[in-house]
Amino acid sequence: MENKNFTKKVYIETMGCQMNKSDTERILGMLSHFGYEETQEPKDADLLMVNTCSIRQLSADKAYSLVGVWGKWKSDERQKELQGKPFRNIKIAFCGCVAQQDKEKLLKRFPYVDLVFGTNNVYELPDLIKRINDGERVCATNETPKKFTDGEEEAKYEIKRAKSLNAWIPIMEGCDNFCTYCIVPFTRGRERSRKPAEILEEAKKAINEGYKEITLLGQNVDSYGKKLDPERDYDGREVTLANLLRDLNKIDGKFRIRFVTSYPTDISDDLIKAVKECDKVCEFFHIPMQSGNSKVLKEMNRRYDRQQYGEIVKKIRNTFENVAITSDFIAGFPGETEEEFLDTLSAIDEFELDYSNTAAYSPRVKTKAAKWTDKFIDEETKSDRLARLNEKNREACIKSNKKCVGKIFEILVESFEEKDNNIILAGRARNNKIVHFAGDKNLVGAFVNVKITGASTWHLRGELI
Ligand code: SAH
Ligand code: SF4
Ligand code: F3S
């Protein structure tokens, strides 16, 4: 299969979460084996791919309209072909969560789409590409996950990582929680975990290649290992995120370890202990709360209430000095009253959340809450609540950032920008805050100490020391 004589170009647009970014790196790795080289320029590509997200209607619509534009290009090329002019033989592929959800419907709706493949079919890509290049239109969307299950080698395919300092490493995939608003259990299947030895191997490789940070990925990363067997899959120790962090921390070299996304009640005391013990693991927790009101949380089928969420946050804050805790919130969940919404705003204040992703509720097919149409909140109220939620988040961020002024943070320098003959470096602190400071562009990739001198809403300013 080895064929590094690139003959074709692929452009891939990645939407959605880090899991999709990581899948894209694996897809590109596989494609590189049969002659496809990545291009950043869609107009040059023979194969146009969109790796989609269906968490909200808005994200799905973005993919539909992008594919529409590509379809137009394809028919323009077809015209050239008919006129005997030079033309590109464009192929269009749809993958990711929308593909997994819509299946054949996509081929019907978009007659110019050649390939639809779901989150469980990435391993079949060599065959799928061959078939579309032979002129077939193909839909491959298995319901049964193959990734991280016994006998499946997908995780071992070559990875073509994005040019950055961070290596994404998926450690578990899928979700068994079935929150009433969420499509993920339908697009990613049941929860399964990758074996520790495989993860350690991939991490060591990334560090050897010069990556300065590894980020462990999972829809509920902190429930890692639940279905693995300590005797069969580990050295008899319990298979948990905490133990995995301890093992990763022993890898030689200067690098950082992060993990996302955590489900609140799966953050065990041992996990907090492991983060504390392990010098490479960063003091940063992304713990989506979704709503500040216990009744709404119950309707969402979240397995905690406001008080329990608060207790977890308190435990973390009592353990680490400069920790950041970030969250996700949904505004306008079906049946949410004004008072219940105000509880979300007050939760951001009470738990001093450092940053939150926010969204208006978007009904998703197959999910429970999508059937509660009589309780739907009208669009105007939803967008009004979202605006107030965003304003509260902005306030919280600036408050959180101001607390950092005067402190000294270790920064991993990620990029630089030239502004009026000055070089401004941008990097991240262990708590994930972005810091801008003057310095030499050779410092990109280095760890440096920076004294924080100023705070804006979305980033900090500092001076190299
Ligand atoms: N597993 C994570 C969340 C993953 S989905 C957790 O349980 O916390 C990422 C975020 O998208 C969610 O935290 C939620 O805030 C948002 N989201 C999911 N479904 C949504 C929907 N139907 N409408 C609006 N936002 C949604
Ligand atoms: Fe979705 Fe809930 Fe699973 Fe998170 S825990 S992925 S919100 S179903
Ligand atoms: Fe979106 Fe799928 Fe991730 S729905 S958020 S890309 S798991």
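Indexing begins at 1, ligand by ligand and atom by atom, following the structure's order.
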Trainee: Any heavy atom of M300 sitting closer than 4.0 Å to ligand 2?
Mentor: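 Under 4.0 Å: no for M300.
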
Trainee: Any side-chain heavy-atom pair from I287 and I325 closer than 4.5 angstrom?
Mentor: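 They are in contact (side-chain heavy atoms under 4.5 Å apart), so the answer is yes.
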
Trainee: What part of T261, side chain, backbone, both or neither, has a heavy atom within less than 4.0 angstrom of ligand 2?
Mentor: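 Answer for T261: neither.
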
Trainee: Considering only heavy atoms, which protein residues lie less than 4.0 Å from any atom of ligand 1?
Mentor: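 Those residues closer than 4.0 Å to ligand 1 by some heavy atom are I55, R56, Y181, Q219, N220, T261, Y263, P288, Q290, R302, D328, I330, A359, A360, Y361, S362, R364.
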
Trainee: Just wondering, do V50 and I12 contact through their side chains at under 4.5 Å, heavy atoms?
Mentor: no

Trainee: Please confirm whether R385 makes a cation-pi placement over F333, using NZ or CZ under 6.0 Å from the six-membered ring centre and within 45° of the ring normal.
Mentor: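 That pair does not qualify as a cation-pi contact.
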
Trainee: Relative to Y304, does R302 satisfy both conditions: NZ or CZ under 6.0 angstrom from the six-membered ring centre, and within 45 degrees of the ring's axis?
Mentor: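 Cation-pi check for R302 and Y304: fails.
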
Trainee: If you take the centroid of each ring, where Trp contributes its six-membered ring, are Y361 and F329 closer together than 6.0 Å?
Mentor: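 They do not qualify: ring centres at least 6.0 Å apart.
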
Trainee: Search all heavy atoms of D222 against all heavy atoms of T261 and return the closest pair with its distance.
Mentor: OD1-O, 4.0 Å

Trainee: Donor-acceptor pair, T39 side chain versus E41 backbone, under 3.5 Å?
Mentor: yes

Trainee: Picking from D247, D229, D270, what satisfies salt bridge (charged side-chain N to carboxylate O under 4.0 Å, His left out) with R237?
Mentor: D247

Trainee: Who's the nearest protein heavy-atom neighbour of atom 4 (S) of ligand 3, and how far?
Mentor: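 Sorting protein heavy atoms by distance from atom 4 (S) of ligand 3 puts S54 N, 3.3 Å first.
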
Trainee: Any idea how H459 and H436 line up, ring-wise: parallel (<30°), tilted (30 to 60°), or perpendicular (>60°)?
Mentor: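 Ring orientation, 0 to 90° scale: parallel.
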
Trainee: Does any non-hydrogen side-chain atom of Y181 lie less than 4.5 Å from one of T367?
Mentor: no

Trainee: With no hydrogens and no angle check, is any side-chain donor or acceptor of N301 less than 3.5 Å from a backbone partner on N177?
Mentor: yes

Trainee: Should R394 and E391 count as an ion pair when the cut-off is N to O under 4.0 Å?
Mentor: yes

Trainee: Do any protein N, O or S atoms sit under 2.8 Å from atom 1 (Fe) of ligand 2, and which ones are they?
Mentor: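 C182 SG, with waters left out.
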
Trainee: Take atom 3 (Fe) of ligand 3 as the centre and count protein N, O or S atoms at distances under 2.8 Å.
Mentor: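 Considering protein N, O and S only, atom 3 (Fe) of ligand 3 has 1 within range.
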
Trainee: With sequence neighbours excluded, what pairs up with H286 under the ring-ring contact (aromatic ring centres under 6.0 Å, His included) test?
Mentor: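 Applying ring-ring contact (aromatic ring centres under 6.0 Å, His included) to H286 gives none.
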
Trainee: Take atom NZ in K280; do more than 12 heavy atoms of anything else shown fall under 6.0 Å from it?
Mentor: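 Enclosed.
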
Trainee: What protein heavy atom sits nearest atom 4 (Fe) of ligand 2, and how far off is it?
Mentor: R302 NH1, 4.0 Å

Trainee: Kindly confirm or rule out a cation-pi arrangement of R430 over F284, judged by NZ or CZ under 6.0 Å from the six-membered ring centre and within 45° of its axis?
Mentor: no

